[in-house]
Amino acid sequence: MPSSSLTPSPRIRTEPQRRLSSLLAARRVDLLLLLVAVAWGSSYLAAKTLTGTVGVTVILSLRFLITTLALALIWLIGNRRRAGRRELVTGVILGFTQAAVLLLETQGISGTSATNAGLIISLVIVFTPFTESVAFHVRLPRMLFVAAVTAVVGVCLLVSGDGFAAPTLGDLLVLAAAAVRSIHVTAVSALTRGRGYSALHLTLTQSAVCAVVYTLADYQGVLRAVHGFDAGQWLGVLYLGVACSVFAFLVQTWAIQQTSASRASLLMGTEPIWAVLIGITIGRETLTVLGVIGAALIITGTYLGLRAETRHRAATVPAGRESAVKP
């Protein structure tokens, strides 16, 4: 008997196994994006406490200085490869868009009501399908837009406890933040998908750009905060830097390369739900009946959008055309 016959043949995966593996991989991406939404939802409580004592750019500067140092340490320990020129340029571009999003959003929230801010920032769920459709020249399924509108109506009910105030400059800044965030999410997808860029390199570069921009905006305020912060304030900054930035942005950058910008935005669009839940359990806030209905609509809209987007992507993306992501 030939010796080759004694060698076990490689395991051949059947079509059902491939589908199950693909489904499990998609669910892992969805779960990680939901965790990002949880982290960002929890950031409101920490940021609200900190911005009451120092300026917005000071908090953002310290947050991203910590984020950059943590990511650089991860890169050094992991003995990562050096980023290529195009990879660095992409990271810098995305860094400026990310810096604009957070500056507009944080400054806007400080100048408007929580109701208005929660409603307006959620419009990113509606903006992103439009920006993605323009960027990739594709027509998105109608159900995706229906789902997005359902989610926005849900957010409207969710934050309607204190009523809807007249638009202010803060409202316009938050609206601009929602528009820029949709552009940022779409840009991440357009500039990185299929290029094998490292999620760590991109996130580190973005964080460094944000740190430089915010620090230059008020370096004297940053120095005063470094010398004057107490243990509680440093704990809040560390949470924003590590959980809400290192973890969230690294996962976001990687996950968007595995899925579509619309799907990512729908999942991360559940952020208001987590903000309310954390506000109730930790901040001891109350949730009205309309708030409960709104939360249900957001979940429903997200689910319908995910189904519509998944079916549409399966019908338009050829088999085997997947993004390659380097560690």
Side-chain angles (χ1 to χ4, degrees), residues 39-72 92 94-121 124 159 162 165-181 183-184 203-249 271-272 275 278-279 282-283 285:
W40 283 346
S42 66
S43 69
Y44 287 102
L45 191 59
K48 181 178 180 180
T49 303
L50 291 170
T51 54
T53 58
V54 293
V56 170
T57 54
V58 172
I59 294 301
L60 291 173
S61 170
L62 293 175
R63 171 179 176 176
F64 281 96
L65 285 172
I66 292 173
T67 301
T68 302
L69 290 175
L71 290 173
V92 170
L94 297 177
F96 279 112
T97 58
Q98 183 66 65
V101 170
L102 290 172
L103 183 59
L104 289 169
E105 180 181 354
T106 308
Q107 192 65 51
I109 290 173
S110 66
T112 186
S113 67
T115 298
N116 286 23
L119 172 61
I120 296 171
I121 199 64
V124 68
V159 301
D162 297 328
T168 64
L169 176 60
D171 296 326
L172 297 177
L173 290 175
V174 177
L175 179 63
V180 177
R181 182 187 284 189
I183 295 173
H184 173 75
T203 309
L204 175 56
T205 306
Q206 290 179 71
S207 299
V209 170
C210 289
V212 171
V213 170
Y214 298 139
T215 302
L216 290 178
D218 189 5
Y219 67 93
Q220 292 181 340
V222 173
L223 292 176
R224 287 194 297 268
V226 169
H227 292 292
F229 268 14
D230 57 26
Q233 290 172 311
W234 278 117
L235 183 61
V237 171
L238 285 171
Y239 178 75
L240 289 174
V242 176
C244 303
S245 295
V246 175
F247 168 77
F249 292 149
E271 176 184 336
I278 292 171
I282 300 178
E285 299 176 351

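Excluded from the calculations below are hydrogen atoms, water molecules and symmetry mates; all remaining heavy atoms, backbone and side chain alike, are included. The shown structure was predicted, so the numbers you read here are calculated from the model rather than taken from an experiment.
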Is there a donor in the side chain of Ser61 and an acceptor in the side chain of Thr215, or the other way round, less than 3.5 Å apart?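 Yes, because at least one side-chain N or O of Ser61 sits under 3.5 Å from a partner of the opposite role on Thr215.
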Checking Ser43 against Tyr239: is there a side-chain donor and acceptor pair closer than 3.5 Å?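 Judged by distance alone, the side chains do not pair up.
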Counting N and O atoms only, with roles assigned by atom type, does the side chain of [X] sit under 3.5 Å from a partner on the main chain of [Y], one being a donor and the other an acceptor?
X	Y	value
Gln107	Leu104	no
Tyr214	Tyr219	no
Ser245	Leu240	yes

When rounded to the nearest 0.5 angstrom, what is the spacing between [atom1] in [X] and [atom2] in [Y]?
X	Y	atom1	atom2	result
Thr57	Leu103	OG1	CG	7.5 Å
Leu238	Ile66	CG	CD1	4.5 Å
Ile59	Leu102	CD1	CG	13.0 Å
Asp218	Leu60	CG	CG	11.0 Å

Side-chain contact, heavy-atom cut-off 4.5 Å: [X] with [Y]?
X	Y	answer
Val213	Phe64	no
Phe247	Val242	no
Leu94	His184	yes
Cys244	Arg63	yes
Val54	Leu62	no
Cys210	Phe96	no

If every non-hydrogen atom of [X] is compared with every non-hydrogen atom of [Y], which pair is closest and at what distance?
X	Y	result
Gly236	Leu50	C-CD1, 3.9 Å
Ala225	Val58	CB-CG1, 3.7 Å
Ala177	Val101	CB-O, 3.8 Å
Val180	Ala100	CG1-CB, 4.2 Å
Ile278	Ser42	CD1-CB, 3.2 Å
Val209	Val92	CG2-CA, 4.0 Å

Check the pair Gln233 / Thr53 against side-chain contact (heavy atoms from CB on, under 4.5 Å), numbers first and verdict last. CA-CA 9 Å; Gln233 290 172 311; Thr53 58; 3.3 Å; yes
For the residue pair Arg181 and Trp40, would you count it as a cation-pi contact if the rule is NZ or CZ under 6.0 angstrom from the ring centre and within 45 degrees of the ring axis?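 Ring-cation test returns yes.
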